[in-house]
Amino acid sequence: MKNKMLISPSVLAADFLNLEKEMEKVKTADFLHLDIMDGHFVPNISYGPDIVKFLKKVSKVPFDVHLMISHPLKYLDNFKDTADVISFHIECDDNPFEVIDKIVSMGKKAAIAIKPGTPVEEAFKYIETGKLYMVLVMTVEPGFGGQSFMAEQMEKVKVLKKKYPDLLIEADGGINNKTIDACREAGLDIAVAGTAVFRAENPEKAIENLR
């Protein structure tokens with residue numbers, strides 16, 4: 001029997017002129033994925049803590065905050081009242097162990113993210129601290145929405161699920177009705193979906209179809 005996928009719609013694909021209405025469309029989601037970009041770690045800028053605070057006022061879905069920034073330690077406190085899960089990239093310029101400890105000390109669930117070019121083995125030492133809630137495997141190059149799904153990244157998911165079966169694994173990038181089966185077969189727990197949900201005619205139905 002196929003496992004039920006948890007779905008985390010990416011706000012990056014939402015209509016920013018109608019954010020309150022957009023949040024109503026995805027109220028049945030398991031998480032809400034929020035990409036924070038600094039224009040340095042990735043060559044793009046998205047939105048910041050103030051938008052996240054606004055969204056928290058109009059959404060009851062748990063917030064899955066993904067920091068695509070060079071120095072996450074400087075900005076973690078900005079999400080102490082809004083985030084439920086905070087993921088950051090182990091390729092950042094801060095010490096990942098320190099970032100994990102800070103997130104945990106804030107009472108938040110800590111997660112690490114890895115780029116497509118980063119070997120999955122790089123994540124092991126951080127997982128083995130026992131402090132992580134989740135690992136986020138990027139299935140596109142971070143920084144832009146609407147990219148094509150990199151199916152080969154599912155090998156990382158398989159390795160992680162085999163080695164750490166109780167750890168939640170999330171994937172982000174190019175996930176839709178055509179690519180979700182590869183995610184499920186690899187053992188993925190949480191799928192981030194942007195355009196597949198927010199650009200759908202019926203986002204609530206799109207979430208259920210992905211599940």
[X] and [Y]: which non-hydrogen atoms are nearest, and at how many Å?
X	Y	result
S10	V192	CB-CG1, 3.8 Å
S59	V61	OG-N, 3.3 Å
T118	K156	O-NZ, 2.8 Å
V137	I169	CG2-CG2, 4.1 Å
F88	P96	CZ-O, 3.5 Å
C92	S70	CB-O, 3.5 Å

Would you say the side chain of [Y] lies within less than 4.5 Å of the side chain of [X], judging by non-hydrogen atoms?
X	Y	result
R199	N176	no
K108	V65	no
V52	I36	yes
K102	L73	yes
E122	E91	no
V26	I7	no
P116	V140	no
K163	F124	yes

Worked verdict on E155 versus K158 for salt bridge (Lys or Arg N to Asp or Glu O under 4.0 Å): CA-CA 5 Å; E155 291 303 313; K158 292 176 183 178; 3.3 Å; yes
Determine, for [X] against [Y], whether the closest basic-nitrogen to carboxylate-oxygen distance falls under 4.0 angstrom.
X	Y	result
D181	R184	yes
D84	K109	no
E208	K205	no
D15	K25	no

Check against side chain to side chain contact (heavy atoms under 4.5 Å, CB included), L32 and M23: CA-CA 9 Å; L32 193 66; M23 294 306 98; 3.4 Å; yes
Nearest 0.5 Å, please: how far is [atom2] in [Y] from [atom1] in [X]?
X	Y	atom1	atom2	answer
L168	K161	CG	NZ	6.5 Å
D172	I190	CG	CD1	11.5 Å
E20	K57	CD	NZ	11.0 Å
D189	C183	CG	SG	11.0 Å
K74	L67	NZ	CG	14.0 Å
M138	Q153	CE	CD	9.5 Å

Output field: ring centroids F79/F63 closer than 6.0 Å: no
Heavy atoms from other residues, nucleotides or ligands near OH of Y75 exceed 12 (cutoff 6.0 Å): no
More than 12 heavy atoms from other groups under 6.0 Å of CD on E128: yes
Side chains of D64 and H66, donor plus acceptor under 3.5 Å: no
Worked check of side chain to side chain contact (heavy atoms under 4.5 Å, CB included) between D94 and E98: CA-CA 8 Å; D94 290 337; E98 292 181 11; over 6 Å; no
Under 4.5 Å between side-chain heavy atoms, counting indirect links through other Ile/Leu/Val/Met/Phe/Trp/Tyr residues: same cluster for [X] and [Y] or not?
X	Y	result
Y164	V85	no
Y133	V104	no
L167	M5	yes
V58	F16	yes
I112	M106	yes

Partner set under ring-ring contact (aromatic ring centres under 6.0 Å, His included) for F198, not counting sequence neighbours: none
Residues L55, V11; criterion side chain to side chain contact (heavy atoms under 4.5 Å, CB included); working and verdict: CA-CA 10 Å; L55 293 174; V11 172; 4.1 Å; yes
Under 3.5 Å: donor-acceptor pair, side chain of T179, backbone of G174: yes
Check against salt bridge (Lys or Arg N to Asp or Glu O under 4.0 Å), K53 and D81: CA-CA 8 Å; K53 287 178 183 177; D81 297 325; over 6 Å; no
F97 and Y126 aromatic ring geometry - parallel, tilted or perpendicular at 30°/60° bounds: tilted
F41 and H89 aromatic ring geometry - parallel, tilted or perpendicular at 30°/60° bounds: tilted
Stepwise side chain to side chain contact (heavy atoms under 4.5 Å, CB included) test for I69 and H40: CA-CA 7 Å; I69 60 181; H40 184 263; over 6 Å; no
